[in-house]
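Data first, discussion second: the structure below is written as structure tokens.
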Amino acid sequence: MQSKTYIYHYTTRRQMVKFKNITPTTYRQELKGKILVTAMSLFKREGIKRIKMDDIAQALSISKRTLYEIYENKEQLLCEGVIYEYQLRLEQHRQFTEQAENEIEVVMEVIRQDIVRLGGINPLFFSELAKYERVVELLNKEHEDKRLRSMEFVKKGIENGYFRSDLNYDIISKMSDAVVQHVMMSKMYEEYPLSEIFRNHVDILFRGICTDKGIAALHL
């Protein structure tokens with residue numbers, strides 16, 4: 001029996017390398033990516049607390065041991081998942097910005113993507129993120145990076161006549177942060193869907209900062 005099992009695994013491995021040209025290193029990297037995508041999907045759908053490492057391993061049809069060989073614990077997995085998704089959104093934003101005709105088109109696409117994204121996220125996911133110190137540190141860094149990028153974006157919009165030049169955008173950014181904090185602290189998401197809260201917030205925000213030229217191009 002041992003000989004047959006050995007031959008079976010050996011043959012399967014040779015076929016995998018021969019037909020798919022996958023090295024052990026490549027396979028491990030692909031598996032890491034699959035783990036991140038699957039885990040983040042489960043976290044956002046069910047909440048972080050409800051999902052155990054066993055659930056993630058089972059969803060991927062891998063052993064718990066294999067999962068722990070790649071990610072030591074849930075917090076490490078969550079940290080890398082947050083980084084992965086942020087970098088993915090940045091790349092999507094970069095690609096669309098290169099193709100868009102103006103800043104308003106970029107705004108519209110970002111809003112559309114965020115509404116779709118928020119529509120599939122359990123509010124528990126956001127409230128439970130705050131319980132992981134390393135994740136909070138990452139989110140704060142990402143938030144600051146996003147703020148700086150947004151300021152550069154607004155400057156271009158002002159130069160091209162789409163955004164008003166008479167406003168203090170640092171104040172507006174902080175006011176927007178306060179709105180988000182209030183939504184989470186008051187648990188407004190229990191009364192209204194996150195996507196609806198977000199849509200109403202950005203509708204008022206962007207109409208307020210747009211010039212007449214910007215409003216003419218804005219379709220919310």
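Values reported hereafter were calculated over all heavy atoms of this structure, with side chains retained and with hydrogens, waters and symmetry mates removed.
- You'll find the side chain of Phe126 reaches within 4.5 Å of the side chain of Leu118, heavy atoms only.
- Across all non-hydrogen atoms, the minimal contact from Ile48 to Glu128 is N-OE1, 2.6 Å.
- Around the CD atom of Gln92, the shell of radius 6.0 Å holds more than 12 heavy atoms that belong to other residues, nucleotides or ligands.
- Note on residues 132-151: pairs passing side-chain hydrogen bond (donor to acceptor under 3.5 Å, both in side chains), not counting sequence neighbours, are Tyr86-Asp145, His143-Asp177, Glu144-Arg147, Asp145-Arg149.
- Residue pairs meeting the salt bridge (charged side-chain N to carboxylate O under 4.0 Å, His left out) criterion with at least one partner in residues 178-198, sequence neighbours excluded, do not occur; the list is empty.
- A donor-acceptor contact closer than 3.5 angstrom links the side chains of Glu91 and Gln95.
- With sequence neighbours excluded, the residues forming a side chain to side chain donor-acceptor pair (under 3.5 Å) with Ser63 are Thr66, listed by chain and number.
- Here the CD1-CG distance, from Ile104 to Asn160, works out to 10.0 Å after rounding to the nearest 0.5 Å.
- Put simply, the side chain of Met53 reaches to within 4.5 Å of the side chain of Leu77, judged on heavy atoms.
- More than 12 heavy atoms of other residues, nucleotides or ligands sit less than 6.0 Å from atom CZ of Arg94.
- Residues passing the side chain to side chain contact (heavy atoms under 4.5 Å, CB included) test with Lys213, sequence neighbours excluded: Tyr162, Thr211.
- Counting only residues at least two apart or on different chains, the side-chain hydrogen bond (donor to acceptor under 3.5 Å, both in side chains) pairs with a member in residues 34-49 are Lys44-Glu85.
- Crowding of Met188 atom CE: a count of heavy atoms from other residues, nucleotides or ligands under 6.0 Å exceeding 12.
- Looking at Phe198 and Val183, their side chains never come closer than 4.5 Å, going by heavy atoms from C-beta outward.
- Taken from CG in Leu124 to OG in Ser127, the straight-line distance is 5.0 Å, to the nearest 0.5 Å.
- Here OG of Ser176 is found 13.0 Å from OH of Tyr169. Values are rounded to the nearest 0.5 Å.
- Ring geometry, Phe206 versus Phe163: the interplanar angle falls from 30° to 60°, so the pair is classed tilted.
- Between Met108 atom CE and Asn102 atom CG the span is 11.0 Å, to the nearest 0.5 Å.
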For the pair Asp54 and Lys52, evaluate salt bridge (Lys or Arg N to Asp or Glu O under 4.0 Å) and give the outcome as yes or no after the intermediate values.
CA-CA 5 Å; Asp54 281 338; Lys52 310 300 181 184; over 6 Å; no
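- Evaluation of the side chain to side chain contact (heavy atoms under 4.5 Å, CB included) rule for Glu159 yields no partner, not counting sequence neighbours.
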